[in-house]
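Data first, discussion second: the structure below is written as structure tokens.
Given the structure is predicted, the values throughout are model-derived calculations rather than measurements. Lettering follows sequence order; numbering is per chain, from 1. Keep in mind that the numbers below use all heavy atoms, side chains included, and drop hydrogens, waters and symmetry copies.
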Amino acid sequence: MKTYNEFKQVNYPKIGEDVLQYWKDNQIFEKSIANRDGAETFTFFEGPPSANGTPGIHHVMARTLKDIFCRYKTLQGYQVKRKGGWDTHGLPVELQVEKELGITKEDIGKKISVEEYNKKCKETVMRFKNEWDDLTEKIGYWVDLDDPYITFDSNYIETLWHLLKKFYDKGLLYKGYTIQPFSPAAGTGLSSHELNQPGTYKDVKDTSITAQFKLKDENNTYILAWTTTPWTLPSNSALAIGENLDYVKVKTFNPYTYEACQVILAKARMNAYLNPKAKDLKIEDYSAGDKLIPFEVIEEFKGKDMLGWEYEQLFPIEALALPHPAFTVVSGDYVTTEDGTGIVHLAKAFGADDFRTLVQNNVPGVFVKDEQGNEIPVVDRQGKFIPVVGEYLAAKMKEHGITAHKEYGVSDFYVKNYTEDDENAADYKNTDVIISIILKNENKAFKVEKYEHSYPHCWRTDKPVLYYPLESWFIKTTAYKDRLVELNKTINWKPEATGTGRFGNWLENLVDWNLSRSRFWGTPLPIWRTEDGSEEKCIGSIADLQTEIEKSVAKGFMEKSPYEGKELDLHRPYVDDVILVSEKGEKMFREPDLIDVWFDSGAMPYAQWHYPFENQDVFKANYPADYIAEGVDQTRGWFFTLHAIAVMLFDSVAFKNVIANGLVLDKNGNKMSKRLGNAVDPFKTLKEYGPDAVRWYMLSNANPWDNLKFNLDGVTEVQRRFFGTLQNTYNFFALYANLDEFVYEQSKAVAVSERAELDQWIISKLQSLIAEVEGAMDNYDATKATRAIMNFTVDQLSNWYVRLARKRFWRGEMNTDKQAAYETLYECLLSLTQLMSSFSPFYSDWMYQNLSKSAADGKESVHLTDWKMANNALINTDLEESMELAQTISSLVHSLRKKEKVKVRQPLQRILIPILKEKTKAQIEHLAELIKSEVNIKDIEFIDDASGILVKNVKPNLPVLGKKLGPKMRFVVAAINGWGQSEIAEIEREGKIAVEVDGETLELLLEEVLITSQDIPGWSVASDLGVTVALDVTISEELKQEGVARDLVNRIQNLRKDMGLEVQDKINISLEDSFDLVNASIENYGDYIQSETQALNLTLVKELDDSTNLEMDDFEIAVKVEKA
RNA sequence: GGGCCUGUAGCUCAGGUGGUUAGAGCGCUACACUGAUAAUGUAGAGGUCCGUGGUUCGAGUCCACGCAGGCCCA
């Protein structure tokens, strides 16, 4: 019976399927967790995917990355609970439903009830759960799929409410506004998605104004700022410059009033405002009305020099006056000199950039109070100026005698001009034009012109949109900015730059978290308000809600609870039916907003356990996460919301280690998309290549945080080069182990110290590998780990150890040396299965079981084993260095043989190795036998200084010399390069030497140069890595005979194979007596030939019948081989 | 427009703190081996280290400015 299964061919996909079935049948995953009951926990958080689309190949990457560290830590003895999860709310789901139903947001509540709509969303969102689960299993991502958290679940939402209430109680949840695209014609805000509809951006001609903002402390000096929305000028409260841009102050004249003035603008924009043809004209020669206006630069400065400059309000409307630091110059990182004046006018209410910049600089915006005392902008929701501004403009029209198609009342100043009747009137003037005329007349406009640009329009009304402040609920993240930054520094980011750069910068420029979404399918905001907004209540649990409902029913605001006799569903529309009662006895209605879905996922550490309502212990043992991984695109999404909630509510990080992985692109580096047809189907790929090779390829090919150019050829290569080589190595072991009936038994194994050098070496290498893999994995660097394993397997174990040790396996009966060889190879293979198991969980388990099913301590699965740490006592650095020397020397001899055209089978007498260090000599001698047999030579001779034939080379030791010499380096280097043998001898003898440089004498020390030996006169030499080898190519008669003997062995072995003999079959050989050389060879090496070919007899005969002709290098010889 | 990442051989990637002639695998070419054989070994060809400036005795490596591709945000 065979102990170790032998495989002619391996079917990797089938191994994946079989092992998956085995895991299921034997509950290996469950056992891997139950096994570690009571052990220290290692916590992983699953970033929930959305199952409303099918998974792609990039999910294989993401899920593999998540899986490997959990498996690794499990082996190391930690208990790693892994709860799966689903992200179920949000816009993509809504859009998909709308597309399928052929409706728009407009239709919700009309053509379809909110109830039906949300029901449809709920069905849609889990549509592809089965595909996801299937993929998850097939790629071997171990995660609990039976009990996942689902963000639409009532328990989940209850935790969200609990957290929101905590924010609320801390005073961190507030109602403010944010600048959003708004359609005054439709009276509604527009989502960025709506703005991205085709056709929304149209080319329009608007009146643009370059306005003059008068500096406070200087006469006739103005800052110029350009705008395509003149109606925002009354709301101006600051000007932004680029700190590093160059600005000029220019003496010139206003082109409309001809008044002398000094204007400030970006140097790079002068040509746009000041006619270059006028550059030679003199200021004094100008008279009002001249076409060419002279100008003269009188000062130049940087933008940062302008910071804090004060100017006078452009429209001095009393009700709009503001305190300092309004009307000052601030810095804006987005300011350019591509258009305008290089100075940007800021109106807080009407631009998102403006808003952000002003908030960051603590500059107030232009607002007025309404009856409730709320701040409102000077443009109302119909898109017209409120009377405060209207009055001013109407008065100015009169003052300046501006007439239009009609007389303007205080409420007629629409800023975006959508009353078509007016627009078509003959003498029509829009608000922008009126503002232009006023400013021109008042010496406040430097340039007015029509400007054609692309401007967004409402897709429904076709009217231009405004950027307008809309009410929103916010979390005051800015209050915790410092703590967020501080705690972020304790997180281990892979790659580091994502943590310090992308995420760190984001935290530095933090704005408050806008929680509000005006949608239907999502977590409702648990805040109820009275109609006048004077009282509000935040609900933190279902129990709270029930209590409040009861109060309200008692008060008579509701007949009965909307939930009476129904399943409790916190979603809209049910929750909207809840009317509560305020402290003062007023009716309270829920704020209709839903919350940002990122809050859903960022709260998963708590909500997945329904904390604090349940599972407090589980939560505490699994918080914060030791490790998470997600795409780098989540930096401002999930990574941020996890961090924000954890820091603000728990003063903790949410995760200690994080990998932000890159994208999976197609093999040409293009983004994969279903539309372009270059998307790789994960299921097909897994079916064809099996999960292990795909995982291994993804991890080893590039760092996970770099983008991966996914190429199936790469998967094939990994399969062939790595898995194929490993499989060959295993097959080799199994074949001979079974023949010898070898069975590994740890207790009876030969002590490592008693094994052959080669065994000790590979064991040492193996321990070094384990240490390297541990180091890499502890640092969350899977690429390094996989590459190290690959290198060991292919280069060290297969191409060196097995090749050199081959004969020990097939020759003779079982003895200690042979047993040691088996044990060594077995131990390497078994260790490899564990090292590999995190990355290629199926194949490694399969091989583990093949190797260990006969072992006394064999486990059901490699994934249930305990990590075998590196044994430092078995690491022999000296031996590893020796072997490296041996490998280098062998390689050099091979290349010399090739150069001299002497094949390896022809024995040669000796090689010469020049030796400058005793240690090197000892290290080579240590493995002399091995080198000799590997390259088929009889002797290694060393030549040292005493021989007197060494030719040495000298090189400067640059890092050492550089520090000492600095700029004189190149002279000294030139001097050293010109040295001959006598100088080298001198510095070696004296330990120092004098060098003349530039008339100066310097002393060089022995350690400042590197001496090597590269030449032996009259010999064919080769060198590499500081080792030089010379080969003696003289072939004596004796060597020739031995060469023939080896050739004969080789030819007879081929014959054996052709005859189909088994390895252990014995033979008889008859050779034709025809060549003296052959006869002599048989005379002297007959025993060798017989033992190698397992021949009982080797006879020379005069004539052979039924013989075969053997083709030797220079002749042919007849031979007859018979099975004995 | 801003932040961040990437750019090294035909392809995929390595290249601590700057150091003489920039490496590996695959692919290609030639040869060898033939008891791991649908394997394996050896050698060879193949480079403007994205560009331009700068710092330095010395730059793939450090700095500045660009170019190309990507991600996120406006």
Taking NZ, NE, NH1 and NH2 as the nitrogens, is one of them in A:Lys494 or A:Asp781 under 4.0 Å from a carboxylate oxygen of the other?
-> no
Would A:Asp666 and A:Lys709 pass as an ion pair if we require N to O under 4.0 Å?
-> no
Taking the same atom, [atom1], in [N] and in [M], what whole-Å distance lies between them?
N: B:rU34; M: B:rG41; atom1: C1'; value: 11 Å
N: B:rG58; M: B:rU20; atom1: C1'; value: 9 Å
N: B:rG60; M: B:rG7; atom1: P; value: 16 Å
N: B:rC49; M: B:rC72; atom1: C1'; value: 29 Å
N: B:rG51; M: B:rG10; atom1: P; value: 14 Å
N: B:rC11; M: B:rC33; atom1: C1'; value: 29 Å
N: B:rA43; M: B:rU6; atom1: C1'; value: 35 Å
N: B:rA38; M: B:rG47; atom1: C1'; value: 35 Å

Could you tell me the Watson-Crick or G-U partner of [N], where both distances fall under 3.5 Å? Say none if there is no partner.
N: B:rC71; result: B:rG3
N: B:rG23; result: B:rC13
N: B:rU42; result: B:rA30
N: B:rA64; result: B:rU52
N: B:rA59; result: none

Does [X] place a side-chain N or O at less than 4.0 Å from the phosphate oxygens OP1/OP2 of [N]?
X: A:Asn799; N: B:rA36; result: no
X: A:Arg905; N: B:rC33; result: yes
X: A:Arg787; N: B:rC13; result: no
X: A:Arg1056; N: B:rU34; result: no
X: A:Asn701; N: B:rC13; result: yes
X: A:Ser891; N: B:rA43; result: yes

What string of B, S and - do you get for nucleotides 65-74 of chain B 5' to 3' if you count protein non-hydrogen atoms under 4.0 Å?
-> -----SBSSS
When you compare the protein's N or O atoms with those of nucleotides 62-64 of chain B, which come within less than 3.5 Å of each other, and at what distance?
none

Specify the separation, in whole Å, of atom [atom1] of [X] and atom [atom2] of [N].
X: A:Glu717; N: B:rC26; atom1: CD; atom2: C1'; result: 4 Å
X: A:Met790; N: B:rA14; atom1: CE; atom2: P; result: 12 Å
X: A:Phe722; N: B:rC26; atom1: CZ; atom2: C1'; result: 17 Å
X: A:Asn711; N: B:rG25; atom1: CG; atom2: C1'; result: 14 Å
X: A:Leu958; N: B:rU61; atom1: CG; atom2: C1'; result: 16 Å
X: A:Gln887; N: B:rG41; atom1: CD; atom2: P; result: 12 Å
X: A:Glu934; N: B:rU42; atom1: CD; atom2: C1'; result: 11 Å
X: A:Lys709; N: B:rG10; atom1: NZ; atom2: C1'; result: 13 Å

For a 4.5 angstrom cut-off between non-hydrogen side-chain atoms, does [X] reach [Y]?
X: A:Trp493; Y: A:Thr500; result: no
X: A:Leu769; Y: A:Val773; result: yes
X: A:Asn1050; Y: A:Arg1046; result: no

Measure centre to centre between the rings of A:Phe503 and A:Phe639, then say whether the value is under 6.0 Å.
-> no
Would the A:Tyr697 and A:Phe710 ring centres measure less than 6.0 Å apart?
->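 For A:Tyr697 and A:Phe710, the ring centres are under 6.0 Å apart.
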Taking atom types as they are modelled, is there a donor-acceptor pair under 3.5 Å from the base of B:rA39 to the side chain of A:Thr725?
-> no
NA contact type, [X], heavy-atom cut-off 4.0 Å: base, sugar-phosphate, or nothing?
X: A:Asn703; result: sugar-phosphate
X: A:Arg803; result: base
X: A:Val802; result: base
X: A:Asn1050; result: sugar-phosphate
X: A:Thr498; result: nothing

Evaluate the criterion ring pair (Phe, Tyr, Trp, His ring centres under 6.0 Å) for residue pair A:Phe732 and A:Phe809; output intermediate values, then yes/no.
-> CA-CA 9 Å; A:Phe732 176 87; A:Phe809 291 93; 5.2 Å; yes
With no hydrogens and no angle check, is any side-chain donor or acceptor of A:Asn703 less than 3.5 Å from a backbone partner on A:Trp705?
->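 Not confirmed, A:Asn703 side chain does not pair with A:Trp705 backbone.
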Above 12 or not: heavy atoms from other molecules or residues under 6.0 Å from NZ of A:Lys903?
->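 Enclosed.
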So how far is it from A:Leu797 CG to A:Thr729 OG1, rounded to the nearest 0.5 Å?
-> 5.5 Å
Inter-residue atom distance A:Met883.CE - A:Ile762.CD1, 0.5 Å rounding =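 Separation between the atoms: 8.5 Å.
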Along RNA chain B (nearest heavy atom to each residue), the more 5'-positioned of A:Asn728 and A:Lys667 =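 Counting from the 5' end, the first nearest nucleotide belongs to A:Lys667.
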